[in-house]
Amino acid sequence: MIRTEALARTFTRGGTTVEAVRGLDLQVARGELVALLGPNGAGKSTTLRMLTTLLAPTSGRASVAGHDVVADPRAVRRRTGYVGQGNGAGHHQRGRDELVGQARVHGLGRAEARRRADELVAALDLGAVVDRRVGTLSGGQRRRLDVALGLVGAPDVLFLDEPSTGLDPHNRAALQEHVRALRSRRDTTVVLTTHYLDEADALAERVVVVDHGRVIADDTPARLKAELAGDRLVLRLGDADAAARAAGRLRAAGAGEVEADGAQVRARLADAPALVPRLLHDLEAAGAPVASVEVSRPTLDDVFLRLTGRSLREGGAGTPTSHEEAAA
Ligand SMILES: Nc1ncnc2c1ncn2[C@@H]1O[C@H](COP(=O)(O)OP(=O)(O)OP(=O)(O)O)[C@@H](O)[C@H]1O
């Protein structure tokens, strides 16, 4: 449904050149839900803007729903919905008119357009505000209207650029529910960017991590966590001497990032819950009994830290760097 080959985009500003996307190869099958993750400035929005024909690639190729984004942008736009980082709706329009208009642009008949608009108004809790002028809505209400505008055309492919930013937990959950329903009912292909790693984990069956304009990992959240991060293990022993011995055992068992700090040892270990009973037994037998143990499963943020050396949580997440054009 989506295919890119060596897709690239550079920007030149004030004599400096920024390689925002450098040789991106990506394939997304029909009905897949893929989350693009990456630190600020990784090239996620630039990628989405090329795939939605808002921005021309500098080199490489991309096709969406079988149409080349450069050769046939109109066909791509007809098949896609896009929710950018900025506001798509016009200030003086009423929300409902914008919704129905957008559905009509996508080729829906009048009755079907109204029905789709009503469905989204209910799903995204817009009933109380959708007949007001867009300029009078709060930030979160506008964001929900933007999301509805991206969904209303019943597109085959949906691109969502940080759809949840600015939404409260209730509306985030409603949005996730709606995206799931779209997929199961219509087999919609969805590519989203998000700074909420729990959202990527809960929603996406595939996570593509982008850094410096390139794909650096591409797998299911479960496999990324198991293979790249491992479980986090904290052991508390009787004293520093016992902790040093425990650290040695952990290294011998293949644990990574082993650190002894006083009577405590921290480490990363694949499949810790299965290995810990044996480890405790061995340490007890070696005269270094463990007083307490803590095992935490890895998160996508651990994966991210491992891959990029940065935490997505610490990276000023949620600050949009560019203002997007109107929803396509
Ligand atoms: N119109 C533009 N002119 C110049 N530079 C740009 C332009 N748009 C994006 N860039 C630069 O390209 C790089 C990639 O930006 P992009 O917005 O694609 O990143 P992102 O991964 O979406 O980041 P964020 O998570 O902050 O939204 C950044 O260095 C950005 O400053």
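Residue numbers count from 1 along this sequence. One-based numbering, in listed order, for ligands and for the atoms of each.
Contact annotation: for T46 versus ligand 1, heavy atoms closer than 4.0 Å belong to both the backbone and the side chain. Residue R13 touches ligand 1 through its side chain alone, judged by heavy-atom distances below 4.0 Å.
At least one heavy atom of P39 lies less than 4.0 angstrom from ligand 1. Residue contacts with ligand 1: R9 is excluded, as none of its non-hydrogen atoms falls under 4.0 Å.
The atoms of ligand 1 that sit less than 4.0 Å from any heavy atom of A42 are 19 (O), 20 (P), 21 (O). Set against the non-hydrogen atoms of E162, the atoms of ligand 1 under 4.0 Å away are 25 (O), 27 (O). Close contacts between ligand 1 and H195 involve ligand atoms 25 (O) [criterion: under 4.0 Å to a heavy atom].
Within 6.0 Å of the CZ atom in R3, the count of heavy atoms belonging to other residues, nucleotides or ligands does not exceed 12. For R104, the CZ atom is densely surrounded, since the number of other residues' heavy atoms within 6.0 Å is greater than 12.
Between R206 and D218 there is a salt bridge, since a side-chain N of the basic residue sits under 4.0 Å from a carboxylate O of the acidic one.
Residue R49 has no nitrogen or oxygen atom sitting less than 3.5 Å from a nitrogen or oxygen atom of ligand 1, judged on distance alone. Looking at ligand 1, you won't find any N or O of F11 less than 3.5 Å from one of its N or O atoms. Distances between N or O atoms of G41 and those of ligand 1 include at least one value under 3.5 Å.
Annotation: side chain of R9 is not in contact with side chain of P57 (no heavy-atom distance under 4.5 Å). By the 4.5 Å heavy-atom criterion applied to side chains, V70 and M50 are not counted as neighbours.
A side-chain donor-acceptor contact under 3.5 Å links T194 and E199. Between the side chains of T308 and D211, no donor-acceptor pair is found at a separation under 3.5 Å.
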